[in-house]
Amino acid sequence: MLNLIFKRLLAAIPVMLVVATVVFLLLRLAPGDPARIIAGDMASEQAVSEVRAQMGLDQPLLTQYALAMGALLKGDLGASIISREPVATLIGQRLGPTLALALCAILLTVCAAIPLGVFSAWWHRRLIDRVTLAVTVLAFSVPAFVVGYLLILVFSVKLNWLPVQGYAGLAAGFVTFLYHMVLPTVTLATVFVALITRITRGSMLEVLGEDFVRTARAKGVPERYVLYRHALRNAAVPIVTVIGLALTTLISGVVVTETIFNIPGVGRLIVDAVLARDYPVVQGTILFFSFVYVFINLAIDLLYVVLDPRIRY
């Protein structure tokens, strides 16, 4: 097991370098000049050139790339062009709201989707199954930003139950934290609830037709134990796989959701950095998300062994 972990972490190094290279080239070749943004629209060409020299953007592209990769290999993500603060510090300052939103969304997803999928499979081809399928198809088809604005329109504008935007951490109180987290969490979790419900239903339908399930029922095992102890555990591997993919896909959803609800997280940080052409911040946040992606995939691989003892690496 330790050998597997070491190999996966070692394999992540070239992946991160490739991601860093692609991001570096895309940012440098994209239209826009961060030096002019910093200097201002009314600045002279000489002033813009001086700012560009201070930022090192007047050097050849290959030189900029070598300097950036050298710093990255030392664990230095660089400093923001705009604020001059280290990128690692900026990510650390914004990480709390993003983690809170992601954890709330995945918790709501798991707590809602797995029971829905289990009961939908149990009541296969009945009314509750058909309604569940219809609702999940609708939820999966609607983009997250549409869901977010609809929730704001209904619960914030019309009913005035929940705030339109903003974030309050746990330091402000658990109730206040939940008060600000309800709409962003539902917005982010909607599509994943629909996806995991359908995957759970399909996996459960396959397992419920197996011989060991029929044997358990013939022995008089209560139906709830048949569903959760026998069927769900054997159907868990594909479900866990999709949950892991959902966690990684949350990255893109967090960017949209944090922008809609004005949450000061890492997603909002990367949007602001893209608009300001803040190269080090964009590159650093994308590398951070790439590392999270690799770590989640490694955790899912290790979890397979716990769920299914037959799996060995």
Please tabulate, one pair per line, all N/O donor-acceptor pairs under 3.5 Å involving side-chain atoms of residues 134-142, not counting sequence neighbours.
{"residue": "T136", "atom": "OG1", "partner": "T132", "partner atom": "O", "Å": "2.9"}
{"residue": "T136", "atom": "OG1", "partner": "L133", "partner atom": "O", "Å": "2.9"}
{"residue": "S141", "atom": "OG", "partner": "V137", "partner atom": "O", "Å": "2.6"}

Margin query: Under the side-chain contact (heavy atoms from CB on, under 4.5 Å) test against P163, which residue among Y179, F155, F261 passes?
Written below: Y179
Check: Do I196 and V131 belong to the same hydrophobic cluster, where Ile, Leu, Val, Met, Phe, Trp and Tyr are linked whenever their side-chain heavy atoms lie under 4.5 Å apart, directly or via other members?
Finding: no
Margin query: Does any part of the side chain of S120, heavy atoms only, come nearer than 4.5 Å to the side chain of I128, both counted from C-beta?
Written below: no
Margin query: Whether the side chain of E258 engages the backbone of P264 through a donor-acceptor N/O pair (distance < 3.5 Å, no angle test) should be reported.
Written below: no
Checklist line | Heavy-atom pair of closest approach, residues R201 and A121 | finding: O-CB, 3.8 Å
Notebook entry, point to check: If you draw a 6.0 Å radius around CD in Q93, do more than 12 non-hydrogen atoms from other residues or ligands fall strictly inside?
Noted result: yes
Note to self: Using every non-hydrogen atom in the two residues, find where S156 and V164 come nearest and quote the distance to one decimal.
What the structure shows: CB-CG2, 3.6 Å
Checklist line | H180 side chain vs T176 backbone, donor-acceptor pair below 3.5 Å | finding: yes
Item checked: Considering all heavy atoms, the nearest A144-T187 contact -> O-CG2, 3.3 Å
Next item on the list: Give a yes or no on whether the backbone of E85 and the side-chain of T89 come within a donor-acceptor separation of less than 3.5 Å.
Entry: no
Checklist line | Pair listing, ring pair (Phe, Tyr, Trp, His ring centres under 6.0 Å) test, anchored in residues 59-110, at least two apart | finding: F24-Y65
Notebook entry, point to check: T257 and L188: which non-hydrogen atoms are nearest, and at how many Å?
Noted result: OG1-CD1, 3.7 Å
Next item on the list: Return the set of residues passing ring pair (Phe, Tyr, Trp, His ring centres under 6.0 Å) with F119 (not counting sequence neighbours), or none when no residue passes.
Entry: W122
Notebook entry, point to check: So do the side chains of L116 and T200 get within less than 4.5 Å of each other, counting heavy atoms only?
Noted result: no
Next item on the list: Identify the two heavy atoms, one from I286 and one from I270, that lie closest to each other, and give their separation to 0.1 Å.
Entry: CG1-CD1, 3.7 Å
Margin query: Are L107 and V175 connected into the same hydrophobic cluster when the rule is that any two of I, L, V, M, F, W, Y join if their side-chain heavy atoms are below 4.5 Å apart?
Written below: no
Notebook entry, point to check: Checking T98 side chain against V266 main chain: does a donor-acceptor pair fall under 3.5 Å?
Noted result: yes
Notebook entry, point to check: For T259 and V271, which heavy atoms make the closest approach, and how far apart are they?
Noted result: OG1-CG2, 3.8 Å
